[in-house]
Amino acid sequence: METTHLYNKMEEQNIHYINHELLFTKGAIAHCDDLTAIVVDEKQVKSQASENTVLIQELGHYMAGAYYHTNSPYQLIEKMEHKADKKAWEEFFPYEEIKMLMKRGLTTVTRFSRVLQCRSLLYV
């Protein structure tokens, strides 16, 4: 997935991007009233794949409405993280296509990404 696609998605949803040092994570989402921002610690993000992973996961929180406070109970945090991951997978990964590729014998992420990247180039 192209990083520009993720930034376009953020712009469409009026989600701000903030680069700020974070202690325990590479990224976070902040949501208060009508303002939403994805905070990324660019010092910890060393590659495009890492940046995409952070943006996809935080967009999953936004799309699922899966927010919590840093002092929330562990069970709530786990529930919201799971909800965000599930929504991110539904939105950004072609689950049905991946299942089909697995039935055809593709079993590694590298092989999936090659096939999916080639297919996405056909639709550009």
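In this chain, residues are counted from 1 in sequence order. These numbers come from a predicted model, not from an experiment.
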Can you sort out the partners of [X] under side chain to side chain contact (heavy atoms under 4.5 Å, CB included), two or more places apart, ordered by chain and number?
{"X": "Ser47", "result": "Ala49, Ser50"}
{"X": "Asp85", "result": "Gln57"}
{"X": "Val39", "result": "Ile18, His20, Leu22"}

side-chain hydrogen bond (donor to acceptor under 3.5 Å, both in side chains) between Thr3 and Glu51, intermediate numbers included: CA-CA 8 Å; Thr3 306; Glu51 181 178 10; 4.5 Å; no
query: Can you list the residues that meet the side-chain hydrogen bond (donor to acceptor under 3.5 Å, both in side chains) rule with Tyr67, with sequence neighbours excluded?
result: none
task: Using side-chain hydrogen bond (donor to acceptor under 3.5 Å, both in side chains) as the criterion, list what pairs up with Asn8, not counting sequence neighbours.
output: none
Please tell me if the side chains of [X] and [Y] come closer than 4.5 Å, counting only heavy atoms from C-beta onward.
{"X": "Phe92", "Y": "Leu6", "result": "yes"}
{"X": "His61", "Y": "His31", "result": "no"}
{"X": "Leu59", "Y": "Ile29", "result": "no"}
{"X": "Trp89", "Y": "Ile56", "result": "no"}
{"X": "Tyr62", "Y": "Ile38", "result": "no"}

- request: Apply side-chain hydrogen bond (donor to acceptor under 3.5 Å, both in side chains) to Glu58 and Tyr17, showing your working.
  value: CA-CA 11 Å; Glu58 299 310 330; Tyr17 178 93; over 6 Å; no
message: So, using salt bridge (Lys or Arg N to Asp or Glu O under 4.0 Å) as the criterion, who are the partners of Lys83 when residues are at least two apart?
response: none
field: Residue pairs passing the salt bridge (Lys or Arg N to Asp or Glu O under 4.0 Å) test where at least one lies in residues 9-26, sequence neighbours excluded
entry: Lys9-Glu91
query: In the hydrophobic cluster built from side-chain contacts under 4.5 Å, what are the other members alongside Leu23?
result: Phe24
field: ring pair (Phe, Tyr, Trp, His ring centres under 6.0 Å) contacts in which one or both residues fall within residues 32-51, not counting sequence neighbours
entry: none
field: Sequence-distant partners of Tyr68, ring-ring contact (aromatic ring centres under 6.0 Å, His included), two or more places apart
entry: none
Residues forming a ring-ring contact (aromatic ring centres under 6.0 Å, His included) with His16, sequence neighbours excluded: none
- request: Ignoring hydrogens and angles, tell me if any N or O in the side chain of Asp33 forms a donor-acceptor pair with the backbone of Leu35 under 3.5 Å.
  value: no
